[in-house]
Amino acid sequence: MSRYQVNKFMTYVDDDDSRVETFHADPETFVQQWETRGAAGRLPVEDGGVLTIDERRALIERDYGALYAMGAHPYLLLHFARALDVIIDGTPWPDFVARYRAAVAPHGFPDFGT
């Protein structure tokens, strides 16, 4: 996994409300454009991008459990998810917390040593 790139992407989106809205409106295009422009100069992964196919899919589908299991930083992931689910989608905070916990809990604690 290119943890650095996933974490960089989540931070990039969460840092600006207009980016959150743009990502929400068309995640696939946003990810493609970010890979082309936002991550220029980084070494590509095996399939030619800066994210793996699984990372792209998880970001586009907002699969927080998969991102967590792949090693996305828990703090950055929580804020990325909150920006999309609570602020944009309007999910009530208690419902968001319950769904987020259910998505990440099966994966235990992240192992940042590998």
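Just so you know, residue 1 is the first one in the sequence shown, and it goes up from there. Keep in mind that the numbers below use all heavy atoms, side chains included, and drop hydrogens, waters and symmetry copies.
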Inset, instruction - First locate atom CZ of F9, then atom CD of E55, and finally report the distance between them rounded to the nearest 0.5 Å. - result: 11.0 Å
Inset, instruction - Mind listing the closest non-hydrogen atom pair of L76 and M10 along with its distance? - result: CB-CE, 3.9 Å
Legend entry - Where A83 and V20 come nearest, the two heavy atoms and their spacing: O-CG1, 3.7 Å
Inset, instruction - Return yes when atom CD of E28 has more than 12 non-hydrogen atoms of other residues, nucleotides or ligands closer than 6.0 Å, and no otherwise. - result: no
Inset, instruction - Write out all pairs satisfying salt bridge (Lys or Arg N to Asp or Glu O under 4.0 Å) with one or both partners inside residues 64-74, taking only residues at least two apart or from two chains. - result: none
Legend entry - Sequence neighbours excluded - salt bridge (Lys or Arg N to Asp or Glu O under 4.0 Å) pairs with any residue from residues 63-83: D14-R82, R57-D63
Legend entry - Side-chain heavy atoms of Y64 within contact of D85, under 4.5 Å: yes
Legend entry - Heavy-atom side-chain proximity of Q5 to W34 below 4.5 angstrom: yes
Legend entry - Aromatic plane relationship, H79 with Y75 - under 30° parallel, 30 to 60° tilted, over 60° perpendicular: tilted
Legend entry - Parallel, tilted or perpendicular, as decided by the 30° and 60° cut-offs, for the rings of F23 and F30: perpendicular
Legend entry - Ion pair R56/E35, N-O distance below 4.0 Å: yes
Inset, instruction - Report yes or no: is the cationic atom of R19 (NZ for Lys, CZ for Arg) under 6.0 Å from the centre of the six-membered ring of Y12, at an angle within 45° of the ring normal? - result: yes
Legend entry - Residues that P92 engages under side chain to side chain contact (heavy atoms under 4.5 Å, CB included), provided they are two or more places apart: P94, D95
